[in-house]
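Have a look at the structure below, then the notes.
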2 protein chains.
Amino acid sequence: MADVARVAGVSPMTVSRAFKRDASVSEATRSAILRAAEDLGYVFDATASNLRSQRTDFVAVTIPSLNNANFAETVSGLSEGLKDRGLQILLGYTNYDIHEEERLIEQLLRRRPEAIVVTGGRHTDRARRMLENAGIPVIETWDLPPHPIGHVVGFSNAAAVRGMVDHFVARGLTRIAFIGGDADRDTRGTDRRAGFIAAMQSHGLDATRLIAAGIPPISMREGADAMGRLLDTLPDTQAVIAVSDLSAFGALTECQRRGVDVPGRLSIAGFGDYEIGAICVPPLSTINPHPRDIGARTAALILQVLAGDGTQTSVIEVQPELTIRQSSL
Amino acid sequence: MADVARVAGVSPMTVSRAFKRDASVSEATRSAILRAAEDLGYVFDATASNLRSQRTDFVAVTIPSLNNANFAETVSGLSEGLKDRGLQILLGYTNYDIHEEERLIEQLLRRRPEAIVVTGGRHTDRARRMLENAGIPVIETWDLPPHPIGHVVGFSNAAAVRGMVDHFVARGLTRIAFIGGDADRDTRGTDRRAGFIAAMQSHGLDATRLIAAGIPPISMREGADAMGRLLDTLPDTQAVIAVSDLSAFGALTECQRRGVDVPGRLSIAGFGDYEIGAICVPPLSTINPHPRDIGARTAALILQVLAGDGTQTSVIEVQPELTIRQSSL
DNA sequence: GGGCCGGATGGTATCGTTACCGTCCGGCCC
DNA sequence: GGGCCGGACGGTAACGATACCATCCGGCCC
C-alpha cells in the first residue's frame, strides 16, 4: 500500500480510503490510485484490514450438504440479499453430522464473521455454547427449534407433512407409508417422519408403515430400494410419502421397473419441490418449503439486526406450500 | 489471549503455542491452557494469526454453480484431500459468468489463500493477470486450456463427446443431434458441442442437428423443451447427445410424454454420470468425468507444490469414462 | 476582510497474534 | 565438575491495514 501511495503521489491513508466505498477521496485521486494499484499488481490485504477494523464483512453459513438444490437455493437467496451491503458468504458443510458441525462452527467463528447462519436447530452442547457466546447474530434456519439460540427463519417440517397426509386421507387413502427419516442424523427428516406418524394417528390410521432409507443424504437409489422393500412386505400400501423428492423419484422408478401403476395403484409424494418432481412422468406431488425465501428473509433479518434494530430475537415462520401433481391424483 | 494466559498462569506466547499443532508445550500445560480458554469462552482470532504469520491455511476454489452434483463432488474430493494438512476451502461460485468470476477471484485473493483452484480455462484478461501475479499455485480444472495459467487437472470435453459419437456410429446410427452447448457462457458445454461437430464431420456425417437449450445451468426443463423442438423439426433423428445428464433426462421425459420409445426409436446420452442417469427408466448412457478424482488429484497436486517440489507446472489429464446404458442400446 | 465550515488529505498508534531470539534448567557426557 | 544439549517457556517487535485526530485550504457569510 505504501508503494501504491508513492506511485500515486499520496499518503497510504488516502490509498486506504480509495479502496473503501464511501470515503471522502476526490474522484481524480481515487482513479489515479486505483490505476497505480493495478499497474503495480497490488492486491488489497483483507486480513490486515479485518484485524484493524474488527470487521470482516462476511457471514458464516453452514449447510448439511453442498450438493442439494434446496440448500443451494437458500444460500443463493441469502447471498443475493447480502451482496448489496458488501457482505460475502463463508460457506461450510457438515455432511449432516452435528459433530462435524461443531468443528465447522469453531473454525468459522475464528474467522470473525459478522453473523452466522446454521441449518437446523439441533447442535452439540459445545456448538450451542459457542454460538451463544459468539457475540454476533445467530440465525437457525430450516427448522423451528423449541429453544432457539438466537433468531430463527424456518418452518415446521412436521406440520408440512401433515398437510400431505391430510391430502391423501381426503382422497380416501388410508394405507399410507413413509420412506426415510429413520436416521438420527437428519433432524429435518426425522421431524417429517414424526409429523407423518402424528398426523396418521390423529386420523386414527395405522402409522407403522415406516421404511428405512439409510443415512443422509438419502439418494434416489435408496428411495428405490426402500420402495422395493415396501412393495415386497406391504403390497397393499396405497400411498407413499418420501422424505424428499429425490427418494420419491427413486421410488417412482422402482414402480416403473415393476410395472406398478402410479398413481393408479399407488400414489407417491415427496418433499422439497426439486426440479425432478416437476418434470418426471408422472410429476410428483410435493411440499415446497420455498428455500430461496428462507435465504432472502434470513438476509433481510441479518441486515436489520446488524443495523442495530433492537436486540430482541425474532422467529420468522415461512409457509411451506402443498403442491399436488399427478403422482397422487 | 492475554486473559487466557493469566488464568492458566503462563505467558501469551505459550498460549499461542498451545493452539498450534506441533509446538513444544508440555501436555499438562497445553491442556490447562485449553481448559482456561474454554472456560473463558476465548475464541482464537484467525485474522490476527493470518496477518502475523502470513499464512491463512485455506485454498480458494471457484465453481460455476453450487447446485451441481459434479462440481460438488470435485469440491468434496478436494476438501477431503486437503483436510489432513489443515487446509480449509474458501468456496465461491460464479454463476457461469467470467465477469462474476473476475470479481470473485479478486475477493478471494484479497483473503490471501495458499492456492487457488478455478473451474475452467477461460477467464477475463484481468482475471488472468491477477491469477498470474498472485504468487500462489493456480490450478485450472475441468478443462485442458490451450494456454494454462499454472497447473491443470482436467480432461478434454471435446474428446469425451467424440467417444459417445463413435459409440452411436458403431451402432449404425447416423442422424445424431446435440442438445445444448450453444451458450457462450458455459465453456465446457460449448467444448462438448464443438467435439460433437468435429466427431460427426470426421465420420462424414451431418453435424447440423444442433438444438439450443438456453443459458446455463441447463435445466431438465430446458432439455425437455429442446427435445420437443427436435422432435417437431427433425423427427427422423435417431440419437441425441445432451450437454448433461440433467438435460438428457429432461429430453427423455419429453419422449415419454409423447410416446416416443427410447431407445427403440431414439437413443439418448448425457454427460456427467449424475445419479439420475443411473436410476431413471431406461437408464442413460453417459460420460463419467470422475469429478471426485479431479478434486482428489488437485488436492494432491496442491500439497506437493506447497511442499516445494519444484516450480514447473504440471498438466494432469484425467480420463473420462464412457458408460453405456439402456438408453442407447 | 475575518471567521467559519466542510471536503480532502496526512500522521500515529493499534488491532491480536506470532517470528525471532533469549533464558532457564535438568540431564548427560567426558 | 564443567560443558553441552535440548525441551519448555518468555519478551519484543512486527504483520498491513485503519480509527482517530489533526491539518490544510478554498469558498462563503456577514
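Order of the sequence lines fixes the chain letters, A, B, ..., with proteins taken first and strands second; residue numbering starts at 1 for each chain.
Applying the side chain to side chain donor-acceptor pair (under 3.5 Å) criterion to B:Arg129, with sequence neighbours excluded, gives no partner residue. For A:Asn157, the side chain to side chain donor-acceptor pair (under 3.5 Å) test picks out A:Arg192, with sequence neighbours left out. Scanning for side chain to side chain donor-acceptor pair (under 3.5 Å) contacts around A:Arg122 gives A:Asp184, with sequence neighbours left out. By the side chain to side chain contact (heavy atoms under 4.5 Å, CB included) test, A:Val152 is found to be paired with A:Glu140, A:Leu144, A:Pro145, A:Pro148, A:Val315, residues two or more places apart in sequence or in another chain being considered.
Screening residues 111-135 of chain A for ring-ring contact (aromatic ring centres under 6.0 Å, His included) gives no qualifying pairs among residues at least two apart or on separate chains. Sorted by first and then second residue, the pairs that involve residues 26-62 of chain A and meet ring-ring contact (aromatic ring centres under 6.0 Å, His included), not counting sequence neighbours, are A:Phe19-A:Tyr42, A:Phe19-A:Phe44. Among residues at least two apart or in separate chains, salt bridge (charged side-chain N to carboxylate O under 4.0 Å, His left out) pairs with a member in residues 42-54 of chain A are A:Asp45-B:Arg112. Legend: salt bridge (charged side-chain N to carboxylate O under 4.0 Å, His left out) pairs involving residues 57-75 of chain B, not counting sequence neighbours, sorted by first then second residue: B:Arg55-B:Asp57, B:Glu73-B:Arg292. Sorted by first then second residue, the ring-ring contact (aromatic ring centres under 6.0 Å, His included) pairs that include residues 93-122 of chain A, not counting sequence neighbours, number zero.
Using a 4.0 Å cut-off, some side-chain N or O of B:Ser11 falls inside it from OP1 or OP2 of D:dG10. In this model, the phosphate group of D:dA8 is not approached by any side-chain N or O of B:Ser26 to a distance below 4.0 Å at OP1 or OP2.
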Base-pair map of DNA chain C as dot-bracket, where | denotes pairing with a different strand and pairs are Watson-Crick or G-U under 3.5 Å
||||||||||||||||||||||||||||||
Expected string for nucleotides 14-21 of chain C under the B/S/- scheme (protein heavy atoms, under 4.0 Å, primed atoms plus P, OP1, OP2 as sugar-phosphate) is BBBBBB--
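In this structure, B:Arg110 atom CZ and D:dG16 atom P are separated by 16 Å, rounded to whole Å.
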For nucleotides 26-28 of chain D, list the nitrogen or oxygen atoms of the protein found under 3.5 Å from its nitrogen or oxygen atoms, one pair per line.
none

Apply side chain to side chain contact (heavy atoms under 4.5 Å, CB included) to A:Gln107 and A:Arg111, showing your working.
CA-CA 7 Å; A:Gln107 292 302 318; A:Arg111 304 217 186 257; 5.5 Å; no
